[in-house]
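All remarks here apply to the structure that follows.
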There are 2 protein chains.
Amino acid sequence: MTTIRDVAKKAGVSVATVSRYLNDSGYVSGDAAKAVAAAVKELKYELNPVARSLNTKKTNLIGLIVPDITNPFFPELARAVEDVALTYGYTVILCNSDENPEKEKNYLETLKKKYIDGFIVTSNQLDAPHYANMALPIVALDRAINEHIPTVASNNREGAAMGTRVLLERGCKRILFLRGPEELNPANDRYEGFMDAIRDSGVEYDVVVCPFHFADSEKIVDRVLREHKNIDGIFASSDVSAAGALKAAAKLGIAVPDELQVVGFDGIAMGEMLTPGLTTVAQDVYKMGAIATRVLIKRIENQVEEQHFFEVPVQLKIRGTTRSVEK
Amino acid sequence: MTTIRDVAKKAGVSVATVSRYLNDSGYVSGDAAKAVAAAVKELKYELNPVARSLNTKKTNLIGLIVPDITNPFFPELARAVEDVALTYGYTVILCNSDENPEKEKNYLETLKKKYIDGFIVTSNQLDAPHYANMALPIVALDRAINEHIPTVASNNREGAAMGTRVLLERGCKRILFLRGPEELNPANDRYEGFMDAIRDSGVEYDVVVCPFHFADSEKIVDRVLREHKNIDGIFASSDVSAAGALKAAAKLGIAVPDELQVVGFDGIAMGEMLTPGLTTVAQDVYKMGAIATRVLIKRIENQVEEQHFFEVPVQLKIRGTTRSVEK
DNA sequence: CTGAAAGCGCTTACAG
DNA sequence: CTGAAAGCGCTTACAG
């Protein structure tokens with residue numbers, strides 16, 4: 001392995017000068033620069049990043065903590081993070097937390113010891129002490145807002161109102177809202193948005209708490225549809241729940257969208273694979289990941305950034321689980 | 001930050017002794033061990049992994065290179081890799097290659113410089129020189145077998161034969177096989193398996209090359225179904241293609257499974273969310289990832305492992321896109 | 001069984 | 001503008 005000493009020797013300068021040249025820090029005369037450049041090229045020298053890290057305490061590594069990469073929301077996020085990170089010369093470490101504070105804390109701590117440069121986190125524990133004491137750049141995604149931690153999220157509330165209106169405009173008279181878990185901020189925002197839109201509409205509605213899980217959602221919707229035969233619209237707080245609702249409806253022989261219209265939230269790829277295609281409030285997950293990564297890297301590199309909250313607009317995707325608007 | 005020197009001083013021994021104690025390497029007397037243990041505890045000392053890495057050239061980091069984490073096959077793989085890695089004290093770096101040899105090579109090289117300990121790779125470039133010259137433990141997943149690189153894969157050929165037989169047993173008279181890309185080993189194996197089963201059946205069949213991509217598959221199947229009205233069975237080499245086929249059939253008003261039966265391959269979660277549920281040849285992706293990770297770590301830790309090829313059995317999941325077997 | 005010392009390969013005040 | 005030297009925090013022959 002050729003080291004900085006070899007380069008220095010060949011170029012006839014000190015290692016300090018080589019280091020300065022390599023890092024573009026401090027003064028290096030034109031002649032010295034030329035000699036070093038030639039030596040680097042000739043020896044095919046490449047700086048050893050581990051040795052550098054020991055000094056700088058930086059590694060160009062960032063951690064991405066998600067509850068579970070297997071949840072269809074997260075792969076696209078991970079992709080965006082990785083793409084942008086690569087652009088800036090960073091590499092990403094993937095961590096599944098299972099929403100388990102201990103696992104999260106453990107990752108945070110072991111990676112910090114490894115001089116990781118920062119974290120992008122989707123977590124409900126952001127107010128926990130192990131975050132407050134991190135002294136490392138962190139950006140929160142999707143969930144939790146904390147005055148110390150920049151956050152990027154969809155405009156969940158407005159999006160949910162939009163989704164609700166899709167159902168209202170299409171003549172639904174009794175709407176079932178599949179509300180997400182109460183400990184999730186985005187789920188609560190979506191609930192607010194639903195309420196914003198439904199409140200003054202005069203339309204009947206039911207609210208049922210429902211995890212973002214296919215089989216559970218199917219079971220819950222099956223029960224509710226049996227009890228309330230006149231439900232003609234479902235707004236699910238996630239596409240996975242919407243898929244469960246569709247499955248339940250199909251098994252009960254309820255025609256979608258003729259007897260029952262369904263709108264989801266998320267915009268995951270599965271939505272268009274269903275038949276009929278799922279009408280949904282699509283989040284721009286890729287954009288969220290991209291923004292989060294840029295914000296994080298700015299912080300890592302000590303660039304000033306005033307903004308603390310980044311809202312990414314959602315977009316309606318009208319597909320086959322809703323009818324044409326009645327004139 | 002408390003260092004090994006602090007511990008040595010407090011324990012009244014040399015740093016060499018502390019290091020030996022910490023790494024359980026070389027002799028340490030009972031007394032010395034006790035003193036060091038006490039000092040470690042009192043100072044809450046934690047070894048600096050970066051400093052260690054500079055010496056050992058090991059980092060407890062492994063790289064996972066996949067074409068695209070967004071492809072529904074890979075999140076579960078990533079999950080398995082991460083779970084097992086964590087168990088052994090390793091952390092995983094996620095790399096999307098887009099099947100691009102340059103990107104792959106770039107990751108391999110930059111991470112090698114960072115003293116990454118090994119790679120789990122899903123790639124078609126495994127015979128490329130940058131792999132041969134790696135001198136780092138590598139395990140291949142799903143694709144490509146190379147006498148120097150251990151591989152874990154499904155029994156694709158047998159699985160495809162099983163899937164084909166599902167259609168044959170249910171009375172299909174003309175089967176369309178959606179063959180995957182020709183540069184993919186697993187796709188070729190599945191093609192062989194299809195041929196194994198169809199050859200002597202006397203049943204008519206067509207083979208069309210079709211990427212593992214939803215919209216493309218839909219388009220291709222739409223065309224074929226228009227041209228050949230008597231096709232009554234489709235075996236797709238991937239679930240995503242099967243979903244495209246189902247969409248095409250639905251748009252053409254072809255009833256599944258009454259007029260057309262469909263079988264997929266992969267077993268991704270989306271399959272059960274479709275209506276009717278997708279009958280498929282399910283791979284045990286999690287198990288593949290888990291095995292690959294264990295094999296890799298064994299190699300990293302220089303444990304002997306004779307076996308070079310690990311085959312993970314597939315499992316039929318009969319759902320709604322196929323009929324009951326005719327008696 | 002133990003310690004002094006060299007070494008892993010870099011960066012960074014500091015003096016000149 | 002440059003170099004000698006200390007330092008980042010560990011590991012590992014080697015001599016005893």
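Excluded from the calculations below are hydrogen atoms, water molecules and symmetry mates; all remaining heavy atoms, backbone and side chain alike, are included. Order of the sequence lines sets the chain letters (A, B, ...), proteins ahead of strands, with each chain counted from 1.
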Review point. Checking B/Lys287 side chain against B/Pro313 main chain: does a donor-acceptor pair fall under 3.5 Å?
Key: no

Check your understanding: What distance separates B/Tyr45 OH from B/Leu22 CG, expressed to the nearest 0.5 Å?
Key -> 5.5 Å

Exercise for review: Side chain of A/Tyr27 only, please: which of D/dG9, D/dT2, C/dG3 is the nearest?
Suggested key: D/dT2

Point to revise | B/Asp98/B/Lys103 salt bridge by N-O under 4.0 Å criterion | key: yes

Exercise for review: May I ask you to evaluate whether B/Thr3 reaches the phosphate of D/dG9, defined as a side-chain N or O under 4.0 Å from OP1 or OP2?
Suggested key: no

Practice item. Test B/Asp68 against B/Phe74 for side chain to side chain contact (heavy atoms under 4.5 Å, CB included), laying out the working first. Key: CA-CA 7 Å; B/Asp68 184 359; B/Phe74 296 112; 5.5 Å; no

Study note, to complete from the structure: Closest to the side chain of B/Ser29, out of C/dC1, D/dG3, C/dG3, is C/dC1

Point to revise | 5'-most by nearest nucleotide on DNA chain C - B/Lys57 or B/Val15 | key: B/Val15

Check your understanding: What is the nucleic acid contact for B/Tyr21, judged by heavy atoms within less than 4.0 Å: base, sugar-phosphate only, or nothing?
Key -> nothing

Review point. Short question: side chain of B/Asn71, backbone of B/Phe73 - any donor-acceptor pair under 3.5 Å?
Key: yes

Check your understanding: Between D/dC8, D/dT11, C/dC1, which nucleotide has the shortest distance from any of its atoms to the side chain of A/Leu54?
Key -> D/dC8

Review point. Are any of B/Asn55's side-chain N or O atoms less than 4.0 Å away from OP1 or OP2 of C/dG7?
Key: no

Check your understanding: Using a cut-off of 4.0 Å on non-hydrogen atoms, how would the nucleic acid contact of A/Val50 be classed: base, sugar-phosphate, or nothing?
Key -> nothing

Review point. Is the distance from OP1 or OP2 of D/dG3 to the nearest side-chain N or O of A/Thr17 less than 4.0 Å?
Key: yes

Practice item. Determine yes or no for a side-chain-to-main-chain donor-acceptor pair under 3.5 angstrom, with B/Ser97 supplying the side chain and B/Cys95 the backbone. Key: no

Report, one pair per line, the protein and nucleotides 13-16 of chain C atoms (nitrogen or oxygen only) whose separation is under 3.5 Å.
none

Practice item. Name the nucleic acid region contacted by A/Leu47, choosing base, sugar-phosphate or nothing; use a 4.0 angstrom heavy-atom cut-off, strictly under. Key: sugar-phosphate

Check your understanding: Nearest to the side chain of B/Thr56 - C/dG3, C/dT11, D/dT12?
Key -> D/dT12

Check your understanding: Given the rule that a pair is Watson-Crick or G-U wobble with both distances under 3.5 Å, how would you write DNA chain D in dot-bracket, using | for pairs to a different strand?
Key -> |||.||||||||.|||

